[in-house]
There are 2 protein chains.
Amino acid sequence: MKKYSKQRELILNSLRKRKDHPTAERLYLDLKNEMPELGIATVYRNLSDLCEEGQVIRIKTSSGPDRFDGNTMPHIHFECKKCGDIVDIVLFENEVKQLDNDLKKFAKQISAEVDGSDITITGLCKKCKKKLR
Amino acid sequence: MKKYSKQRELILNSLRKRKDHPTAERLYLDLKNEMPELGIATVYRNLSDLCEEGQVIRIKTSSGPDRFDGNTMPHIHFECKKCGDIVDIVLFENEVKQLDNDLKKFAKQISAEVDGSDITITGLCKKCKKKLR
DNA sequence: ATAGTATTTGATAATGATTATCATTATAAT
DNA sequence: ATTATAATGATAATCATTATCAAATACTAT
C-alpha cells in the first residue's frame, strides 16, 4: 500500500511549479536547500514512481541525463541542438485532436493500440538563433 | 580527413539491411560472427559518427539502451509498452508534409527554427494486444 | 612500390547516470 | 500504544557509454 511522504510531495509540487525541465540531480540540489536531509536516491525513486503514475513525464534528451516535466497537459517539446534547452510547446485542443487522429491513423498500419505519444521538435531556439548572426 | 574502414562499412550496411532496431551490443554480437576481431568500442564509435552524419538514427527508449536505425526515409516509430519492441511506421509524402507543416506552425509559438523532429507513438503492438485476451 | 602521416582500431580503464541493498525512520492500521 | 508495512538516506553495484592509447590500417606524395 502506497504511503504518503513529504519528500514525494515536495518533489511533485516543486516540479509542478517550475517551468523548466530539470535533471534529477538539478532538482535534488535545489530541493536540498529546503530539505537538507533529502537523499538523491529518494529523488530518483520518486521521480520514477511519479512517471509510472503519469504525474510526471520523463524526457529523454539526445545527450545527457533525463529531464523531468511536471506539466501533464497535452503538449510537445522543443529541444535546442545548440544549448540543449528544452521548452514546452502547448497545443490547443483542436491541435491535440488533429495530431492524435493522425497518429492513430498511422498506427493502423501496424495494427497497434495507441495509448500515448512523444513528440519532440529539434532545431535552434530563439536565443541561439540570434547568437549565430 | 575521413578514412574508410571495413568495420564502419559493415556496421552501416548491416543496419541498412535489418528492419529491427538493434542496440549497439546486439549489433556487435551479431557482427562478431562475420568479423570476429571486431571490438565493441568500434561499434559504439561508428554508430555515434554515423548518427552525426545523419546516416543512422539513434532511438532513445523509455528504458534500456539506445537503439539504432539505418532507415533514413522520413518515418516515425512505435514503441510497445509491453514487449519494448520498436517498429517503423512509414509515412506517405503528403503525410510527412502535413506533419512538418503542423510542427513548424507549433514552433512559431516559441520563435524557434525547426530542423527535425522525433515522433514516437506508444501503446500495445499487434502481438501483445492478442496475448492480453 | 615505399615511406611518411593521419586516422581507425581493439582492449580496457574510466565515467556518468541510475538502480539495488539495507538498516533506520516514518506512516498507517489495529 | 503496538504492530506492520512502506519510504528514506547512505552507499555499493550495475549498466551503458566514452576516453585512452599502443598497434594496425588507409591514404598521400614521392
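Lettering follows sequence order; numbering is per chain, from 1.
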For a 4.5 angstrom cut-off between non-hydrogen side-chain atoms, does B:D88 reach B:H77? yes

Nearest-Å distance, [atom1] ([X]) to [atom2] ([N])?
X     : N      : atom1 : atom2 : result
B:M35 : C:dT8  : CE    : P     : 15 Å
B:D66 : C:dT18 : CG    : P     : 12 Å
A:K60 : C:dG16 : NZ    : P     : 18 Å
A:E25 : C:dT15 : CD    : P     : 16 Å
B:K2  : D:dC27 : NZ    : P     : 12 Å
B:K3  : C:dT9  : NZ    : C1'   : 12 Å
B:R8  : C:dT7  : CZ    : P     : 12 Å
B:D49 : D:dA19 : CG    : P     : 11 Å

Item checked: Phosphate-side-chain proximity, B:Q7 and C:dG10, N/O vs OP1/OP2 below 4.0 Å -> yes

### Task
Taking only the side-chain nitrogens and oxygens of A:S48, find out if one of them lies under 4.0 Å from OP1 or OP2 of C:dT18.
no

DNA chain C nearest-nucleotide lookup for B:T42 and B:M1: closer to the 5′ end is B:M1

When B:R58 and B:Y4 are each assigned the nearest nucleotide of DNA chain D, the 5'-most assignment goes to B:R58

So what does [X] touch, heavy atoms closer than 4.0 Å: a base, only the sugar-phosphate, or nothing?
X     : answer
B:S5  : sugar-phosphate
B:Y44 : base
A:E37 : sugar-phosphate
A:K6  : nothing
B:T23 : nothing

The single option from A:I11, A:L10, A:L29, A:T23 that satisfies side-chain contact (heavy atoms from CB on, under 4.5 Å) with A:V43 is A:I11

> Within a radius of less than 6.0 Å around CD of B:E93, do more than 12 heavy atoms belonging to other residues, nucleotides or ligands occur?
Replying inline: no

Can you establish whether the number of heavy atoms outside B:K108 located under 6.0 Å from its atom NZ is more than 12? no

Between B:K32 and B:L38, is there a donor-acceptor pair closer than 3.5 Å when you use the side chain of the first and the backbone of the second?
yes

Closest to the side chain of A:R45, out of C:dA28, D:dT28, D:dG9, is D:dG9

